[in-house]
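Inspection log for the structure reproduced underneath, given as structure tokens.
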Amino acid sequence: SFQIHFRILNAFQQVIAAMETQLSNGPTCNNTSNGPSTISNNCSSPVESGSMEDSKTNLIVNYLPQNMTQEELKSLFGSIGEIESCKLVRDKITGQSLGYGFVNYVDPKDAEKAINTLNGLRLQTKTIKVSYARPSSASIRDANLYVSGLPKTMTQKELEQLFSQYGRIITSRILVDQVTGVSRGVGFIRFDRRIEAEEAIKGLNGQKPPGATEPITVKFANNPSQKTSQALLSQLYQSPNRRYPGPLAQQAQRFRLDNLLNMAYGVKSRFSPMAIDGVTSLAGINIPGHAGTGWCIFVYNLAPDADESILWQMFGPFGAVTNVKVIRDFNTNKCKGFGFVTMTNYDEAAMAIASLNGYRLGDRVLQVSFKTNKTHKA
DNA sequence: TATAATT
């Protein structure tokens, strides 16, 4: 296990080295790659205008993939240098990642190296942004504005020009139709400080931008983590338990980081569908009928008292789990010995199967496989 | 007319 870990780390170091070479001409930045429905400037020059009092070791990392864990964040940034502390910011109630975190290095040079190396790194559908964190203070919080009623022709640059008279803009974004790419007339402006945002509301709310026929609405943006109680309950029920202890979770974590890096650099995954022995033909495998269905996994030899939580705990560490079900006897309500788990991503499902098939749960040895269409095999 | 940016 140590050898496997070392091999992955070693591979990662090589990838980082290759990436540094690649980035020596300046990091590439795809402004639309942080989600198909937005235009954003989220990777604009992170190294800028730091005052002498600002920390040179503490970084804020934005636009992290939703399913990235704190441990993966630490693994990724720990490859640059020694980390003093690392924190993934989570919703206080649901524990869900809020998509950003902090990494504090011991050595300022490592922090700088992390910015140069990892800013703009693509992980899954996200392009992460790595920049110096400013000292936390009330004056920089709640500085995000929601703007609606924008002319459909207004560009992100024009939006920034309109708002820049009120202060330093950290990010701007115009939401666009996913299919046509046409502006939906709404967007966000994040200022450096709250007072700048307040002044922009006073100056621009209800005003017509140059050349526009309709006035725009400018107000403070809702906090995305503040959802309805129903949404929170739903998330609580849906969220897999990430604290399943033991070697399985560690194996899952190594795989997940490996997988993130494979996706980031376009490296062909060792776990890609074509590489899975025995199921290459896909014969007998339940192929998702439509997008979003995911991969259905059959779990056999569960104990009579097994419940859904054990499936969340076992499969959650391997990646995105969308559904679990324990099959019960109608009369006794006891588990009939099997259940199903649906996972979004093939690679994560394949790794979960490879790791959990033959796993001893209590006094039972589990059989875990992709769900087949056959009734049963002897 | 709603994105996961200050622990």
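Just so you know, these numbers use all the heavy atoms, side chains as well, and skip hydrogens, waters and symmetry mates.
Not one side-chain nitrogen or oxygen of A:T171 sits closer than 4.0 Å to the OP1 or OP2 atom of B:dA5. The shortest distance between the side-chain N/O atoms of A:K126 and the OP1/OP2 oxygens of B:dA4 is below 4.0 Å. Close to B:dA4, at under 4.0 Å from its OP1 or OP2, lies a side-chain N or O of A:R173. Distances shown here put every side-chain N or O of A:R90 at or beyond 4.0 Å from the OP1 or OP2 atom of B:dA4.
Protein atom CG of A:L98 is 14 Å distant from nucleotide atom P of B:dT3, rounded to whole Å. Taking atom CG of A:L73 as the reference point, atom C1' of B:dA5 lies 14 Å away to the nearest angstrom. Remark: P of B:dA5 and CG of A:L145 are 14 Å apart, rounded to the nearest angstrom. Straight-line distance from the CD atom of A:Q156 to the C1' atom of B:dT3: 13 Å, rounded to whole Å. Note: CG (A:L88) to C1' (B:dT7) measures 11 Å, nearest angstrom. Between the P atom of B:dA5 and the CD atom of A:E196 lies a distance of 18 Å, rounded to the nearest Å. Taking atom OH on A:Y63 and atom C1' on B:dA5, their separation rounds to 7 Å, with Å as the unit. The distance between atom CZ of A:F188 and atom P of B:dA5, rounded to the nearest whole Å, is 10 Å.
Under the stacking definition used here (centres under 5.5 Å, planes under 30°), the residue A:Y146 qualifies as stacked on the base of B:dA2.
Distance from the side chain of A:S131 is smallest for B:dA5 among the nucleotides B:dA5, B:dT6, B:dT3. Closest contact between the side chain of A:F102 and the listed nucleotides B:dT7, B:dA5, B:dA2 involves B:dT7. Side-chain proximity of A:V89 to B:dT7, B:dT1, B:dA5: nearest is B:dT7. For A:R141, taking side-chain heavy atoms from C-beta onward, the closest of the listed nucleotides B:dA2, B:dA5, B:dT7 is B:dT7.
For B:dT7, the base has a donor-acceptor partner in the side chain of A:N58 [N/O atoms by modelled type, under 3.5 angstrom]. Between the side chain of A:Q66 and the base of B:dA4 there is at least one donor-acceptor pair of N/O atoms closer than 3.5 Å.
Residue A:A221 is the one, among A:A221 and A:V103, whose nearest nucleotide of DNA chain B lies closer to the 5' end (criterion: closest heavy atom).
Between A:K109 and A:E112 there is no salt bridge, since no side-chain N of the basic residue sits under 4.0 Å from a carboxylate O of the acidic one. Comment: A:R194 engages A:E198 in a salt bridge, judged by a side-chain N to carboxylate O separation of less than 4.0 angstrom. Here A:K202 pairs with A:E199 in a salt bridge; the nearest charged N to carboxylate O distance falls below 4.0 Å.
Note that CG of A:L302 and NZ of A:K334 are 13.5 Å apart. Values are rounded to the nearest 0.5 Å.
Two residues are said to be in side-chain contact when any heavy atoms from C-beta on lie closer than 4.5 Å; A:V130 and A:N62 fail this criterion.
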